[in-house]
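Data first, discussion second: the structure below is written as structure tokens.
A, B, ... follow the sequence lines: proteins, then strands. Residue 1 opens every chain.
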Amino acid sequence: MRHLAFAFALFSFVRMAAGQEQETSRENQPTPALKPVTWERLLNAANEPENWLMYSGTLDSQRFSRLDQVDKQNVSNLELKWAYQIPEIDRAETVPIVVDGVMFITESPSNVVAVDASTGRPYWRYDHELPDDLRICCGRNNRGVAILGETLFMSTLDAHIVAIDARSGSLKWNTETADHRAGYSKTAAPMVVKDLVITGIAGGEYGIRGFLDAYHADSGERAWRLNTIPGPDHPDNRTWAGDSWRTGGAATWITGAYDPDLDLIYWGTGNPGPDWNGEVRMGDNLYSDSALAVNADSGELEWYFQFTPWDVHDWDAIQVPILADLELNGEMRKVMMWANRNAFYYTLDRETGEFLVGTPYAKQTWAEGLDEKGRPIRRAGKLPTPEGNVVSPSIGGGTNWWSAAYSPRTELYYVNAYDGEQEFFIREQEYREGEQFTGGGAQNVKPGDTYKSAIRALDPRTGDLRWEFEIKPRSTSGLLATAGDLVFGGTVDGYFFALDAATGEELWHIGVGARVHSAPLTYSVNGEQLITVAAGNVVFTFGLD
Amino acid sequence: MYRNLLLGLLMGIAGQAEAQKNPFDTRIDVRMGQRVFRAECGRCHGRDAKGNDETGAPDLTTGSFSAASTEAKLFEVVRDGIPGTTMIGIGWAPDETIWQVVAYIDSLNLNPDDVDLPGSADQGQKLYNGKGNCTSCHMLGGSGGRLGPDLSTVGNRRDPDELKEDLLEPNETVLPRWWTMRITRADGSVTEGLRMNEDTFTLRIMDKEENLWHFSKSQIRSSKRTETSTMPSASETLTMSEVDDLVAYLFSLRKES
């Protein structure tokens, strides 16, 4: 019997190989080959722009590609090359990665599919089995995978991290990171640093205690955990009244960045909990709403910068940090650029966390400004009240988790900004494990069309606005910058567009029929530059005609 | 075996819910349901349950739900969510809590019997078709004009106080669909109309003659937006007693689920 099975398998293999050969000769192109993605390749991802090897493209998270085949002159010739329909109808937030002609797309709720990057046709899929008692605040989303060697790493909604064989889709290991019944979940793409898989946690609306984890890529065993709310043995624990630190949130639900020279991981943290009732957690609530710099080997916190101490508006610092070296006041500085949900833009020194630049980039009414250390100077009368209090920005913020981008060619930072407002409420609420723990809420004051949404280009040396491209009704997409001097983005009503990176002039747009709620990426196959974006539950890929 | 037994039990419970009327619908239950709703559902549906453009969550105050036509079905949706959509359930909560959420959602939809209306719906209907001149702009039951919102189910969307405010202070709440756009073409000619839809690159309007126009923003000289209503205040044409009659008529246009 085993012989028979072997013979059949051999026959199938020969048939498959013959088929491939026929296909290859017909299209006169080599068959895509997935080569192992070493740490060296990830370190130098910018040097192989034909691939998109991680969530933000490169470890500095600039979302900048050196590909320049599509440029200002020819971008208007972009046309659809293929589309892939995600079977589960939801709002795709995936940023696929592309490795040597194979694209890995994550799907709602916690699945992944491998497709040929030139046609969108599938190789395999992995469907993750989920329990039916998930606690998730904001949709059944997954934002992407990481890769090392021939293994993919994916977060799942039941707060597991799984390792999947990149050639076959087989599960290699499956590690529970926290108890999903207590409100923990995972949606963000992990990030590989050396031989570790760095991964955050979601659940800031459920009174979790946030953390950042590292797992050994080969075994799935945890290497370290950094609690984003320090325990009672640490002096910063005193920034939480009483026992409020136990349920203080500070989740880590978006992907970070890494500087190999400093060996530091940078990661943002979310809102303190309960979101809108700060009276039960008086203090700065460290390290919620902060940028953390973490030693990659030990997981120890090297420094932090808190954007919004004692946040009572749900303004998570869940943005992707962008790293670059910039000349500031005649001196080269290793900086981190960050447009925060609280409507202020920051440039920080990423060696020390020193505050260098800070200025509003979107409408805000809650602060007079920032002091010399970057701490906000609060305006009186802007806290949530039982009757409701109108404040800008809205819960969604001046921006949200939507990836910003940076072009070293224009030296501009591109962010999707929103000048909204909402009415914020406070209420008393008891913590009960597994239930939402928000202590209030917010509601709209006027129709969304009333407010301004725009892609804004900021000078990271000053925070000054260089240009803006207004969007109606609004955008919730991430951005991509390319060496063709283009910035790509999308809108909630289903446009995908390209702007001139230097001026903001619109150069191309196409209707994709549904909300762009992810970030675009670019890669090339057989010398042809392609641009991919998810809209609705479809992944579209465009190229030149 | 155990699994089949469990499945049978679960189906039995679901079956009970199907046949059941809400056993937890007292005022206390509504209050409890409101607390749970605001904590668990408010993030997407809004603290006031009126929906949210950004999340795509619908308005739950109209008494009409696309995925639930009965209380029992609403219970299932709150418990299980709607598969294949972003709507997730709170199945981890006890049945009592889920019923309380259902009671709260039900309470958002006014019971006409509980509403004291000073006006006469019959008189209001006559005013609607006559002196009020409503039919020239509003569609009702498939007939009427197109220059204002279709009022066939307005009684579900607006309560009597809101209807009165709509009539007397039409500029207080003007949805973007009823803003006016004045378009100047490249050749200087002008077309003005109601803003049916506007996006980053294009816009579509309906002019006074109910013609549909599509414009590419790159091909026009300018566009000007007015966010006030094209409807005159009823205070200019009707007495307050007639306004009450019209409110009574419009509120009577409710479609009960």
Which residue out of B:E227, B:R35, B:R38 racks up the most heavy-atom pairs below 4.5 Å with chain A?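 Option with the top pair count is B:R35.
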Over 12 non-hydrogen atoms of neighbours within 6.0 angstrom of [atom1] in [X]:
X      : atom1 : answer
A:R432 : CZ    : no
A:E428 : CD    : no
B:R185 : CZ    : yes
B:R146 : CZ    : no
B:M87  : CE    : yes

With only heavy atoms counted, which part of [X] is less than 4.5 Å from chain B, the side chain, the backbone, both or neither?
X      : value
A:F469 : side chain
A:D132 : neither
A:R181 : neither
A:S475 : neither

Which pair of non-hydrogen atoms, one from [X] and one from [Y], has the smallest distance, and what is that distance?
X      : Y      : result
B:A39  : A:T438 : CA-OG1, 4.3 Å
A:C137 : B:C44  : O-SG, 4.2 Å
A:Q443 : B:D48  : OE1-CB, 3.2 Å

Select one option (side chain, backbone, both, neither) describing which atoms of B:R177 are under 4.5 Å from chain A's heavy atoms. neither
Working to the nearest 0.5 angstrom, can you tell me the gap between [X] [atom1] and [Y] [atom2]?
X      : Y      : atom1 : atom2 : value
A:K472 : B:K217 : NZ    : NZ    : 5.0 Å
B:T202 : A:H509 : OG1   : NE2   : 7.0 Å
A:R135 : B:W92  : CZ    : CH2   : 6.0 Å
A:I136 : B:I88  : CD1   : CD1   : 4.0 Å
B:R195 : A:D449 : CZ    : CG    : 4.5 Å
B:E40  : A:E205 : CD    : CD    : 10.5 Å

Most contacts with chain B, counted as non-hydrogen pairs under 4.5 angstrom, among [options]:
options                       : answer
A:Q436, A:E423, A:Q429        : A:Q436
A:F437, A:Y206, A:Y495        : A:Y495
A:P473, A:P87, A:P109, A:G434 : A:G434

Would A:D275 and B:R43 count as a salt bridge (charged side-chain N to carboxylate O under 4.0 Å, His left out) if you check the C-alpha gap in whole Å, the side-chain angles of each, and the deciding distance to 0.1 Å? CA-CA 11 Å; A:D275 305 39; B:R43 198 171 182 83; 3.7 Å; yes
